[in-house]
Amino acid sequence: MSQKIAMVFPGQGSQSVGMGKAFYEASDYAKEMVEKASDRIGVDFKALMFEENEKLDQTAYTQPAILLVSMMAYKLFQEARPTAPTLLLGHSLGEVSAVCASGAIDYLDAVELVHKRGQLMQSACEGVEAGMMVIVGLDDAAVETICTDARNKENKQVWPANYNQDGQLVVAGLKPDLQSLEATFKAAGAKRALLLNMSVASHCPLLSAAQDPLRAELEKVLHDPFDAPIISNVTAKPYHTKQQAVELLSEQLIYPVRYKQSVAAIAPDVDLAIEFGNGKVLAGLNKRIAKEMNTLNVFDMDSLQATLDALQ
């Protein structure tokens with residue numbers, strides 16, 4: 001009986017210098033992917049990903065770099081062992097990688113799409129001090145209540161943005177408003193309330209200006225059919241058509257990422273997960289969300305081989 005496999009893709013925050021280099025050096029196909037992506041959007045991905053630079057942490061460059069490495073990992077895995085996913089899931093930007101892995105968008109179109117997505121997010125936050133803060137050690141309801149009270153009673157702009165795991169929720173909004181709530185989160189019992197190194201406020205209404213332009217881009221480049229269902233960050237439920245993807249990926253900009261809820265929902269129905277992309281961010285989250293769900297990783301040639309061996 002074939003295994004039921006969830007294939008998962010990381011989002012922003014998983015980037016690091018040297019990402020994808022092992023694939024690039026070992027595979028002509030991966031090298032060609034990097035060169036074609038560089039030509040497509042006029043960005044030197046070799047320099048961006050393999051050399052120290054300031055651009056890798058700028059969202060318009062971070063996003064295509066992360067997606068490109070995820071697709072290199074995915075395509076090299078599929079080349080070595082063609083495997084149909086039971087379902088696909090990504091964290092934030094990773095949801096676009098998941099749609100790409102489903103065959104609903106070409107990887108070069110996806111690189112260009114997320115480059116534009118990053119630019120749209122950046123420009124939506126221009127002129128405001130946008131930011132994100134991770135809250136550790138508080139339950140969701142407590143964080144939600146503090147955000148709601150701050151909006152309703154003090155006119156502050158703060159919202160829950162990433163439900164990562166129990167006791168870890170990222171909030172987004174205006175940086176001064178986030179900083180002003182640090183003591184409130186800690187008084188409520190948070191172990192940490194830490195401002196992240198971000199210049200955008202993802203997954204909250206501050207990005208509403210980016211929705212219509214992103215929707216138009218999605219309309220142009222997505223197509224049916226999808227090889228496997230995608231779990232939506234917005235609803236934590238599966239979808240499998242272009243029309244649904246266009247709506248849900250544009251809504252994802254202003255609604256929180258329900259990653260924790262998504263993994264909890266799929267865990268009973270899959271035998272294991274494979275994370276494709278730089279690092280092991282999602283494997284760590286998955287282990288804490290659903291202990292029974294094993295997550296393998298493909299982030300370089302050694303981990304690719306280890307995953308292939310584990311699937312034998």
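Just so we're clear, the structure is a prediction, and the values are computed from it rather than from any experiment.
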Any side-chain heavy-atom pair of [X] and [Y] under 4.5 Å:
X: N162; Y: V134; result: no
X: I274; Y: N297; result: no
X: L194; Y: M133; result: no
X: L272; Y: Q3; result: yes
X: V96; Y: L67; result: yes
X: I135; Y: V170; result: no
X: Q211; Y: I254; result: yes
X: V158; Y: L174; result: no

How long is the straight-line distance from [atom2] of [Y] back to [atom1] of [X], given to the nearest 0.5 Å?
X: M71; Y: C100; atom1: CE; atom2: SG; value: 4.0 Å
X: Q165; Y: L285; atom1: CD; atom2: CG; value: 5.5 Å
X: E144; Y: W159; atom1: CD; atom2: CH2; value: 15.0 Å
X: S16; Y: N278; atom1: OG; atom2: CG; value: 4.0 Å
X: L68; Y: I41; atom1: CG; atom2: CD1; value: 9.0 Å
X: N294; Y: D271; atom1: CG; atom2: CG; value: 10.5 Å

Answer yes if the side chains of [X] and [Y] hold a donor-acceptor pair under 3.5 Å, and no otherwise.
X: Q78; Y: T83; value: no
X: Q58; Y: T62; value: no
X: Q15; Y: D57; value: yes
X: Q244; Y: T241; value: yes
X: N164; Y: H91; value: yes
X: S38; Y: K46; value: no
X: S180; Y: D177; value: no

Any side-chain to backbone donor/acceptor pair from [X] onto [Y]? Under 3.5 Å, distance only.
X: N286; Y: G284; value: no
X: N53; Y: L56; value: yes
X: H115; Y: P64; value: no
X: E217; Y: L113; value: no
X: E219; Y: R215; value: no
X: T307; Y: S303; value: yes
X: S27; Y: Y24; value: no
X: E95; Y: G90; value: no
X: T59; Y: G118; value: no
X: K242; Y: L222; value: yes

[X], [atom1] atom: more than 12 neighbouring heavy atoms under 6.0 Å:
X: N152; atom1: CG; result: yes
X: R192; atom1: CZ; result: no
X: K175; atom1: NZ; result: yes
X: D28; atom1: CG; result: no
X: Q179; atom1: CD; result: yes
X: Y255; atom1: OH; result: no
X: E292; atom1: CD; result: yes

Closest non-hydrogen atom pair between [X] and [Y], with its separation:
X: S202; Y: M121; result: OG-CE, 3.3 Å
X: M72; Y: M33; result: N-CE, 3.7 Å
X: A80; Y: L308; result: CB-CD1, 3.7 Å
X: P213; Y: L120; result: CB-CD2, 3.6 Å
X: A65; Y: L48; result: CB-CD2, 4.0 Å
X: I230; Y: S102; result: CD1-CB, 3.8 Å

Group every Ile, Leu, Val, Met, Phe, Trp and Tyr by side-chain heavy-atom contacts under 4.5 Å, then state whether [X] and [Y] land in the same group.
X: L93; Y: Y239; answer: yes
X: Y259; Y: M7; answer: no
X: L88; Y: I289; answer: no

Taking 4.0 angstrom as the limit, do [X] and [Y] come out as a salt bridge?
X: K31; Y: E35; result: no
X: K75; Y: E79; result: no
X: K260; Y: D166; result: yes

Which of D109, D106, V246 passes side-chain contact (heavy atoms from CB on, under 4.5 Å) with V221? It is D109
L206 and Q157: side-chain contact (heavy atoms from CB on, under 4.5 Å), yes or no, with the steps? CA-CA 9 Å; L206 291 180; Q157 297 194 53; 3.2 Å; yes
side-chain hydrogen bond (donor to acceptor under 3.5 Å, both in side chains) test vs N233 passes for just one of Q252, E251, Q261, namely Q252
In a check of side-chain hydrogen bond (donor to acceptor under 3.5 Å, both in side chains) between S92 and each of H203, Q12, Q63, which one passes? H203
Is there a side-chain contact (heavy atoms from CB on, under 4.5 Å) between L89 and I266 once you walk through the steps? CA-CA 10 Å; L89 170 64; I266 67 168; 4.1 Å; yes
Y74 vs F276 aromatic rings, parallel, tilted or perpendicular, using cut-offs 30° and 60°? perpendicular
Centroid separation Y29 to F23 less than 6.0 Å: no
Pair V111-K36, side-chain contact (heavy atoms from CB on, under 4.5 Å): steps then yes or no: CA-CA 10 Å; V111 164; K36 284 185 171 176; over 6 Å; no
Verdict with reasoning, T295 to L282, per side-chain contact (heavy atoms from CB on, under 4.5 Å): CA-CA 8 Å; T295 303; L282 299 185; 5.9 Å; no
Test the K55-Y61 pair against the cation-pi criterion, namely NZ or CZ under 6.0 angstrom from the six-membered ring centroid and within 45° of the ring axis. yes
